[in-house]
Amino acid sequence: MNVILPDGKNLPLADNACAFDVAKAISPKLAKAAVACKINGELRDLSSKLNDNDTVAILTFDNDEGKSIFWHSSSHILAQAVQELFPEAKIAIGPSIENGFYYDFDTDKPFTPEDIAAIEKKFKEITDKKLQFIRKEVCVDEARKIFGDKNEPYKIELLNDVVGQPSMYSQGDWVDLCRGPHVPDTGYIKAFKLTSVAGAYWRGKVDNPMLQRIYGISFPKQAQLDEYLTLLEEAQKRDHRKLGKDLELFTFHQEGAGFPFWHPRGMVLYNAVLDFSRKEHVKAGYQEIKTPIILNEELWRKSGHWDKYKENMYFTQIDDVTCAVKPMNCPGGLLVFKSVPRSYRQFPLKFCEFGLVHRHEKSSALHGLFRVRQFTQDDAHIFCLPDQIEDEITKVISFITYIYKVFGFDDYKIELSTRPEKYIGSLEIWEKAEGALKKVLDDGKIAYQLNPGDGAFYGPKIDFHVKDVLKRSWQCGTIQLDFSMPELLELEYTAADGEKKRPVMIHRALLGSMERFIGILLEHYGGALPLWLSPEQCRVLPISEHFTDYARKVHSELLNAGIRAEIDERNEKVGYKIREAETSKIPFMLVVGEKERDSNTVSVRQHSKGDLGSRSINEVIKAFIELSIPGTNVMDFNKSVE
């Protein structure tokens, strides 16, 4: 028989061949790396039998889908290890996640560090046995009996949600309810680490039992795990929550859980990001608007947000009318558009808004600046004609990539997300919108990954995921093409033929959430921000009180030149002042003493690099101004002085 490979080529195989035979026929290297496959677009085990003319793709750990399968298989091994050590533990769910996997357990007592060590040891024993993952399809009644006999109430409850025939996977004598697929055997998991334990309500509902969730990570090679753990350790040092507090940028308080409190230094950073973005928007032809934070219920019903986001919105009563604190800026932008007659000659019309929005998040989901209840979006809405769509989206893509480069993010990936299960508008409109986005990406030869079913409820979107210095991916920018909301809110313009028509609307954000992006910046740079973003760019350090007057003179000249400088006049040894400035990640320190005073110079020190020698104040100011240009993220002081 023949099967069809992803590149369209035919591959002849013997009758009764399985997917693993495809990997072997392609290359021994691929056969060794293969973890699962896709047959006619469906994820399957490598042992799956093939039919003539099947389309077959082999998945490895290097594929996102292959990685997910690898980690899900690891979660099954974790559950087996726990139940072999703690037979009374009830198993719930164990999915793969963005970085690794977890499994939830119902136990009488919390897992201790000693328990985790024992579970890791048992995990290793199971992988050493190379137990096969064997799939079996059963009827619902048989599955209920199996898990009933095992006293597994959570699995029995999950069976209520199964559509069609359920399947189970076993490895040795251990069995779990699962649709799969999995790696061929437990020996594929060469390196692993259990990383943490947390509490989690069954199905995320507070009225349900609290379970214990064990998180883990696994890889095909030990070197990959070692690299991951090194990056994880570095990520903990760079945690923006700790940096925010240590560098006096922002804090969080129980009096306003989920709402960041920005300190003076934090506001300098916040405004540096905002001011740069605002100037670039003006250059790109955007007009800034500002819309109210509270708008009435009727508007949110018209826009479609009421049905989709009601559970995440905050409400209040004004004059006996139900109003909502806005979770998004778009309806307000549409009202600005509607407020005056519009002509096709005005298009494209670009409104930007640095809009404050509020969304209710569960307290368990809050995470520093990454997940808050109040944040500012660098939002924009472009109203255009149908024949302007592709050009405007191309411009937005260029705008986004330029902005990322300025902030120091050169590595990013792009996803095209299509129609979700719940959507508004006709299928014809969705096909048109998806086709337009795809054409822009294809015509521009822009690499992207298809993300089926993850579009916004009103239109498909292009999402940008930036990678930081630790190779972590963060979803930031988005471009969303919307034909439906202008229809829902009855937007009109006068066309060239004099007729009233609906505009097309492009929603877009470059950074996404200002708060989240600043958190990403802090972790990317480890708190040691480039000069143009640093709240305190320079600190003047007199070596004793005898040189305070000269230090003040230097400080004054820096301030007059627009440099964000401070002076440390404390009666402390200069070595102590330097160490404290280093800890505070101040980019530059200017040490002044008798020699510097008499020669009208300063001794320049750079964070983490040390002494750069003596320079005149004018030379220092010239260098600082040059290094403060947005996008200057590698600071070469001596080159700037030359």
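Quick note: residue numbers are just sequence positions, from 1.
The two residues G519 and H240 come nearest to each other via the heavy atoms O-CB, 3.6 Å. The two atoms that bring F101 and I217 nearest to each other are CE2-N, 3.5 Å, heavy atoms only. The two residues S218 and F70 come nearest to each other via the heavy atoms OG-CE2, 3.4 Å. Closest of all the heavy-atom pairs between R359 and Q377 is NH2-NE2, 3.5 Å. Nearest heavy atoms, P535 versus L529: CD-CD1, 4.2 Å.
Side-chain atoms of Y270 and T376 form a donor-acceptor pair, as typed in the model, at a separation below 3.5 Å. For the 3.5 Å distance criterion, the side chains of D442 and Y448 qualify, holding a donor opposite an acceptor.
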Original post:
Given the rule in the side chain to side chain contact (heavy atoms under 4.5 Å, CB included) test, do T418 and L450 qualify, once you have shown the distances and angles that lead to the verdict?
Top reply: CA-CA 8 Å; T418 56; L450 195 63; 4.0 Å; yes
**OP:** Determine, step by step, whether L612 and R605 satisfy the side chain to side chain contact (heavy atoms under 4.5 Å, CB included) criterion, reporting the C-alpha distance in whole Å, the side-chain angles of both residues, the deciding distance to 0.1 Å, and the verdict.
**Re:** CA-CA 5 Å; L612 301 181; R605 295 185 64 89; over 6 Å; no
**OP:** Go through the steps to decide whether I506 and D482 satisfy the test side chain to side chain contact (heavy atoms under 4.5 Å, CB included), and finish with yes or no.
**Re:** CA-CA 6 Å; I506 300 171; D482 183 3; over 6 Å; no
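In this structure, W532 contributes its side chain and N633 its backbone to no donor-acceptor pair below 3.5 Å. At least one donor-acceptor pair closer than 3.5 Å links the side chain of K622 to the backbone N or O of S640. A donor-acceptor contact shorter than 3.5 Å links the side chain of H281 to the backbone of S277. For the pair S584 (side chain) and I586 (backbone), a donor-acceptor distance under 3.5 Å is absent. In this structure, the side chain of H507 does not engage the main chain of H381 through any donor-acceptor pair within 3.5 Å. Between the side chain of E415 and the main chain of N451, no donor-acceptor pair closer than 3.5 Å is present.
Here the side chains of W430 and E434 are in contact, with some heavy-atom distance below 4.5 Å. E515 places none of its side-chain heavy atoms less than 4.5 Å from the side chain of F370. Between S74 and I189 there is a side-chain heavy-atom pair separated by less than 4.5 Å. The shortest distance between side-chain heavy atoms of F624 and P587 does not fall below 4.5 Å. Using a 4.5 Å heavy-atom threshold, the side chains of C476 and L511 count as separate. You'll find the side chain of F61 reaches within 4.5 Å of the side chain of Q224, heavy atoms only. A 4.5 Å side-chain heavy-atom check between H360 and M313 finds every atom pair outside the cut-off. Looking only at side-chain heavy atoms (C-beta outward), H305 and P331 come within less than 4.5 Å of each other.
Crowding of K362 atom NZ: a count of heavy atoms from other residues, nucleotides or ligands under 6.0 Å not exceeding 12.
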Show me the donor-acceptor pairs, under 3.5 Å and distance only, between side chains in residues 386-397 and residues at least two apart or in other chains.
unit_1	atom_1	unit_2	atom_2	d
Q388	OE1	L385	N	2.9
Q388	NE2	F347	O	3.4
E390	OE1	K439	NZ	3.4
D391	OD2	K395	NZ	3.4
E392	OE1	K350	NZ	3.4
T394	OG1	E390	O	2.8

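For the pair R508 and Y286, the distance from NZ or CZ to the six-membered ring centre is under 6.0 Å and the angle to the ring normal is within 45 degrees.
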